[in-house]
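Chain naming here is simple, since letters A, B, ... match the order of the sequence lines and numbering starts at 1 in each.
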Amino acid sequence: MLDIKKLRSQTEEMKAALESRGIDAPLDEFIELDKKRRELIVDAEEKKALRNTASDRIAAARKAGEDAAGMIEEMRRVGEEIKALDHLLRDVEMQLDAIVLELPNTPLPDVPVGPDESANVEVLRVGEPRSFGFQPKPHWDLGAELDIIDQERGGKVAESRFTLLKGAGARLERALINFFLDLHTGEHGYTELFPPILVNSESMKGTGQLTKFAQHEMYKLRDDDLYLNPTAEVPVTNIFRDEILKEDELPVHVTAYLPSFRREAGAAGRDTRGLIRQHQFNKVELVKFVLPETSTGELESLTANAEEILRRLELPFRRVALASGDLGFASAKTYDLEVWLPSYDDYKEISSCSNYLDFQARRLNVRYRPAGGGRPQFVHTLNGSGLAVGRTFAAIIENYQNEDGTVTVPEALRHYMGMDAIRPL
RNA sequence: GGAGAGGUGGCCGAGUCGGCUGAAGGCGAUCGCCUGCUAAGCGAUUAAGGGGGUUUUAAGCCUCCUUCGAGGGUUCGAAUCCCUCCCUCUCCGCCA
């Protein structure tokens, strides 16, 4: 959620910032309603103040044994007026919310301006795509031949876009999760969490998952106000909802492995083969709660932490700064990490690292009390995948495949895998 | 799932037959005093949100409103009464 005061006082700047991401924000309407809101507040509060003092006088009169019937009658009328004003006010506030909650975050100044992903800027490239001396196979073929990925049976058990991993495949998935968590907790200083996999609508709204556009992507339980976790960002970022932290508790750096579920309703037809786009996928998430003035640097270190996985796995990748028009709803700045996938003959997103500034914190009401005292301030939140497990799986078997159909296990994973190569049974 | 108890400020914990309790008391925290240092002691301050005013903005200050799990109701007036929901705890049942 954007800062109402800023929308009020810097309307034109905010409008321009939102335009840079292709949003024509109804700020004129917002200003109108905001003005209306304040008028109603003033009116209602005057009447409430009157009622409060009158109530005191009624009590005093009663005590003194005097008759207060006239005053009581008058206050009954005032009470009704107050009720009417409060109802009007609630209507106006709902209209305001409807506008504000649909407004995305404004991009930071160093975000490349452009309408969509074509304006994204590559900022870093590490490693060289390997030149194969043979025709490399896509991971879905390799996986089937090695009998480690079984999409037919995944579909039988659930439906299409669900996968059954077998043998060394299941082991590789688990190895990756453990490797990621061990690195982030052991060397990068994150605390490991394992949150609930079902989350309520309050949490979903807090992180901005339930916008008009996105809500259909989520799996919703029929009989409960619960959703299947769409990304660990949701349960993890919500842990401090409505809390005031102490300044010296910050920064909080946490990591969590969690299965994630998305319907991907609008994406039918894209990435239909293999592990790239699944309804259920594993992800290790990195989340940070930080002091506002540190969030810029925290995004750099968070991104570097995610990149370290790719470096250790010796997978070619690049880092891309997303353009304003390509940013996620709540993000003020995002780096995508893209890994080289031979089957795509291109780089494919494997992590997305974002700085939300106080956008999520405002919605979630996560604040900290400054060490020197003073009013609570909103924290800044950041998060990134570190990494998407299924896509890493795909990248490994494609990039490490051999002409004989085996897959060499990357050095960093060998002790997790207990083998140096994946071979057909 | 069944029975009972309860949800009050950063934390613990009072709140009588509805009115002077936004909330006693304690802890913690901050500032000051005291002390050779530490501890102890003494004093003061210490909820959040939202309006209005003041200030060039912010801070600060003045003032008002709201908030005692959430929502609704009764009343001139509710933390205190009524209804609905949510959550926590204890016992039983069921299980991993």
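The base of B:rG50 lies close enough to the side chain of A:Glu45 for a donor and an acceptor atom to sit less than 3.5 Å apart.
For the pair A:Arg57 CZ and B:rC20 P, the computed distance is 16 Å after rounding to whole Å. One atom, CD of A:Glu46, and another, P of B:rU63, lie 17 Å apart when rounded to the nearest Å. One atom, CZ of A:Arg76, and another, P of B:rU75, lie 7 Å apart when rounded to the nearest Å. Taking atom CD1 of residue A:Ile244 and atom P of nucleotide B:rA29, one finds them 18 Å apart after rounding to whole Å. B:rG10 atom P lies 16 Å from atom CZ of A:Phe240, rounded to whole Å. Regarding A:Met1, its CE atom lies at a distance of 13 Å from the C1' atom of B:rG50, rounded to whole Å. If you measure from atom CD of A:Glu243 to atom C1' of B:rG49, you get 17 Å, rounded to the nearest angstrom. Residue A:Asp242 contributes atom CG, which lies 11 Å from atom P of B:rA70 at whole-angstrom precision.
Contact annotation for A:Arg77: no contact, since no heavy-atom pair falls under 4.0 Å across all strands. At the heavy-atom level, A:Arg362 lies nowhere under 4.0 Å from the strands shown. Among the protein residues, A:Asp56 comes within range of no part of the nucleic acid, since none of its heavy atoms lies under 4.0 Å from any strand. Across all strands, A:Ala49 comes closer than 4.0 Å only to sugar-phosphate atoms, never to a base (heavy-atom distances). A:Ile41 comes within 4.0 angstrom of the backbone, heavy atoms only, and of no base.
Taking 4.0 angstrom as the limit, A:Arg369 places none of its side-chain polar atoms (N or O) nearer than this to OP1 or OP2 of B:rG10. Between A:Arg37 and B:rG51 there is a side-chain polar atom (N or O) within less than 4.0 angstrom of OP1 or OP2. Taking only side-chain nitrogens and oxygens, A:Arg38 never comes nearer than 4.0 Å to OP1 or OP2 of B:rG51. Between A:Asn52 and the phosphate of B:rC65, there is a side-chain N or O to OP1/OP2 separation shorter than 4.0 Å. Distances shorter than 4.0 Å separate none of the side-chain N or O atoms of A:Arg51 from OP1 or OP2 on B:rC65.
Between A:Ile4 and A:Glu73, the residue anchored closer to the 5' end of RNA chain B is A:Ile4, taking for each the nucleotide with the nearest heavy atom. Comparing A:Ala44 and A:Lys5 along RNA chain B, the residue whose closest nucleotide (by nearest heavy atom) sits nearer the 5' end is A:Lys5.
Comparing B:rC64 with B:rG4, their C1' atoms are spaced 44 Å from each other, to the whole Å. Separating the P atom of B:rG6 from that of B:rG25 is a span of 25 Å, rounded to the nearest Å. Between B:rA3 and B:rC94, the two C1' atoms lie 16 Å apart (nearest whole Å). To the nearest whole angstrom, the two C1' atoms, one in B:rG19 and one in B:rU80, are 11 Å apart. Nucleotides B:rU16 and B:rU8, compared at atom P, are 16 Å apart to the nearest Å. Comparing the P positions of B:rU21 and B:rA5 gives an interatomic distance of 31 Å, to the nearest angstrom. As rounded to the nearest Å, B:rG9 and B:rA47 have P atoms that lie 13 Å from one another. B:rC61 and B:rC76: their P atoms are spaced 39 Å apart (whole Å).
Side-chain contact annotation: A:His184 with A:Thr255, donor-acceptor N/O pair under 3.5 Å absent. Side-chain polar atoms of A:Arg363 and A:Asn365 form no donor-acceptor pair below 3.5 angstrom.
Using a cutoff of 4.0 Å between basic side-chain nitrogens and carboxylate oxygens, A:Glu93 and A:Arg37 are scored as salt-bridged. A:Glu300 and A:Arg319 are joined by a salt bridge, as a carboxylate oxygen and a charged side-chain nitrogen come within less than 4.0 angstrom of each other. Ion pairing of A:Glu217 with A:Arg263 is absent here, as no side-chain N (NZ or NE/NH1/NH2) approaches a carboxylate O to less than 4.0 Å. A salt bridge is absent between A:Glu45 and A:Arg51: the closest approach of a Lys/Arg side-chain nitrogen to an acidic carboxylate oxygen does not fall below 4.0 angstrom.
Atom CG of residue A:Leu258 and atom OG1 of residue A:Thr231 lie 8.5 Å apart, to the nearest 0.5 angstrom.
For an aromatic pair to be called close, the ring centres must be under 6.0 Å apart, and A:Tyr227 with A:Tyr219 fails this.
Counting only Watson-Crick and G-U wobble pairs whose two key distances fall under 3.5 Å, RNA chain B forms stems of three or more stacked pairs at B:1-7 with B:86-92, B:10-12 with B:25-27, B:28-33 with B:41-46, B:47-54 with B:60-67, B:69-73 with B:81-85.
Note: A:Phe194 and A:Tyr257 have tilted aromatic rings, judged against thresholds of 30 and 60 degrees for the angle between ring planes.
The side chain of A:Lys83 lies closest to B:rU74, out of B:rG51, B:rA48, B:rU74.
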